[in-house]
Amino acid sequence: MGINYEKLSQAFYELYKSMQPIVERLQECWNDIVRTFEELEVPEVNKVNKPLWNTPRKIFLKGQVFNRKPLLARARSNC
């Protein structure tokens with residue numbers, strides 16, 4: 001009922017032999033990707049940070065809490 005180490009080592013060796021072509025193909029694909037990025041030429045972009053006159057620099061947002069107080073004092077001004 002014990003473990004047969006010879007069969008286990010043989011199974012791992014067969015697994016290694018069957019996975020070897022897959023590993024080689026993945027290495028080739030990875031090298032192709034690296035080579036593609038090395039050959040890629042990125043053009044230089046001279047972007048000038050020139051502010052436009054009609055764009056605000058900061059947009060101030062109103063508070064999100066409802067203000068239910070009257071904005072003007074109207075206590076006895078309608079009488």
Side-chain angles (χ1 to χ4, degrees):
M1 202 65 194
I3 298 174
N4 190 348
Y5 290 108
E6 290 180 19
K7 288 185 179 180
L8 186 62
S9 66
Q10 183 67 23
F12 276 121
Y13 181 71
E14 293 295 324
L15 178 67
Y16 168 76
K17 283 190 344 186
S18 64
M19 295 297 285
Q20 198 63 26
I22 297 171
V23 170
E24 289 174 0
R25 181 66 184 141
L26 286 174
Q27 285 177 345
E28 290 174 8
C29 290
W30 179 253
N31 291 336
D32 290 342
I33 292 171
V34 170
R35 193 175 317 114
T36 303
F37 275 103
E38 287 174 350
E39 294 173 356
L40 185 66
E41 294 180 11
V42 180
E44 282 191 31
V45 177
N46 294 330
K47 185 176 179 182
V48 179
N49 291 332
K50 188 175 180 183
L52 299 175
W53 291 104
N54 59 356
T55 56
R57 292 201 178 247
K58 289 185 180 179
I59 299 174
F60 295 103
L61 299 176
K62 293 183 178 180
Q64 303 227 348
V65 178
F66 289 114
N67 188 3
R68 296 191 184 268
K69 295 179 184 177
L71 298 177
L72 300 173
R74 297 183 49 133
R76 293 188 183 171
S77 62
N78 295 30
C79 298

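The first residue of the sequence shown is numbered 1, and numbering continues consecutively from there.
- Within the 4.5 Å cutoff, no side-chain heavy atoms of Leu26 are placed close to those of Trp30.
- Dense packing is recorded around CD of Glu14, with more than 12 heavy atoms of other residues, nucleotides or ligands lying under 6.0 Å away.
- Clustering ILVMFWY residues whenever any of their side-chain heavy atoms sit less than 4.5 angstrom apart, transitively, puts Met19 in the very cluster that holds Leu8.
- One hydrophobic cluster, built from ILVMFWY side chains closer than 4.5 Å, cannot hold both Val23 and Leu15; they sit in different ones.
- Comment: Glu38 does not engage Arg35 in a salt bridge, judged by the lack of any side-chain N to carboxylate O separation of less than 4.0 angstrom.
- Tyr16 and Ile22 are members of different hydrophobic clusters when ILVMFWY side chains are connected at heavy-atom separations under 4.5 Å.
- Linking Ile, Leu, Val, Met, Phe, Trp and Tyr whenever their side-chain heavy atoms come within less than 4.5 Å puts Leu40 and Ile33 in one cluster.
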